[in-house]
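Working notes, beginning with the structure itself.
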Amino acid sequence: MKIAIVSDMHIGYERFYDDALKQASEALERACELADMIIIPGDVFDKRAPKPEVIASAINIFRNISRKHWSARLSDLRGDRKAYTDVPIIAISGTHERTAAGKDNPLNLLALAGLLVDVSESTAIVEKDGEQVAVYGLGGLSEERVLEKIKELNPSPVSGAFNIFMFHQSVYEILPFSDMFIHYDDLPKGFDLYVDGHIHSRVEAVVHGSPFIIPGSTVLTQLKDGEQAPKGFVVFDTVTRSRTFVEIDSRAMYAETLELNDAEPAMLLKGCEDIIERSIARGKPDPIVRIKVIGSIADGFSKTDMPIQSLIMRYAGRAVIEIDQTRLVSEETERRTDEIRNLKSGGATVKEMGLAMLADKLKSEGFPELIDVSELFMVLSSQTKKDKVIEEAAAMLGAS
Ligand SMILES: [Mn+2]
């Protein structure tokens, strides 16, 4: 059988609402043409409580594909779940759809409506011409519970079938950021194919001697480096064990770094414009252009002087601009921060710093050095009425 793996559609994703919908629809429609069954490892929806119009959009997409001609059919669903259709569209909920254990989630609503089969903690068996494919599903969980849950459920393959273990988690070997993430070795043994969602870029590996596939999301959401690769889904053939990535029409993302030294606003503007124009010229409509600016700002300017907002507005409708200035430093601001840090580490209080500044100011304005700066500071920072403060300060400064 040919199995389409379509993941992380994030229908209802607010920032790129139309992209999420259009790309989910295209991926699923094409999956119907190319495969005998569809499996979905989570995050069909972007939220656990989508608005009715978001649910309606998803219902329309899944109703359309349910009504296609399917020669493969669900023959059994083992576990606590019930099937309300025999159309072989098999899914689990992802972390975005996760609700408290036992509570309905939006994916489950699609299953109750008979538009797909929710296979969370169950095994779905699909048959076509005597061939059986068994899919065990484990819906998205908080990372620290996964290992314990796998041990508790002890998923096992169905004899005589091609067995798939489908889940929705981070995996340590791919994202080595947390000890809580499970390792490839923690996955249950004996399956012919491991399918994971959650990670939005495409990954292929080998687990317990079998292929491990993450197809990646059908829509850009995280805008991370590495998400520039085309979006789409994977078709796996159980007979040849070969897999094909099917690209869908998706919004392009380009990421570039702009290095500047002693940058003035005009330089930043010019550098960004060049990158944006070049990205637009590549021909994809309304691409996401991410620019990481690194280097230093010229003295006399700060990050707030950089004309980022006007740039974003000017290109609205032609490109989605994201400018990361966190690695652009203002030497002047850094110096001042250092000064403050030094004063602080030297034990100076804000009051002492204020006193020093006031003394400097008085000196530069030509006031006599005899003035009791500390006393004047107290008068100026007192809570009494402004007029009264000025009167008292003026008296101290010898004005009449
Ligand atoms: Mn996701």
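Counting starts at 1 for both ligands and their atoms, following the listed order. Everything numeric here is computed off the predicted structure, so don't read it as measured data.
- Residues M357 and V373 are members of separate hydrophobic clusters, defined by side-chain heavy-atom contacts under 4.5 angstrom among Ile, Leu, Val, Met, Phe, Trp and Tyr.
- Counting only protein atoms, the N, O or S atoms lying less than 2.8 Å from the Mn ion (ligand 1) are D8 OD2, H10 NE2, D43 OD2, H200 NE2, ordered by chain and residue number.
- There is a side-chain donor-acceptor pair under 3.5 Å between T238 and E131.
- Residues satisfying the salt bridge (Lys or Arg N to Asp or Glu O under 4.0 Å) test with E322, not counting sequence neighbours, are R15, R290.
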In sequence, state the C-alpha distance, the side-chain angles, and the governing distance for E277 and Y315, and then conclude on side-chain hydrogen bond (donor to acceptor under 3.5 Å, both in side chains).
CA-CA 10 Å; E277 292 293 345; Y315 281 100; 2.7 Å; yes
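- The closest side-chain donor-acceptor pair between K303 and S330, if any, does not fall under 3.5 angstrom.
- If you check the side chains of T221 and H200, you find a donor sitting under 3.5 Å from an acceptor.
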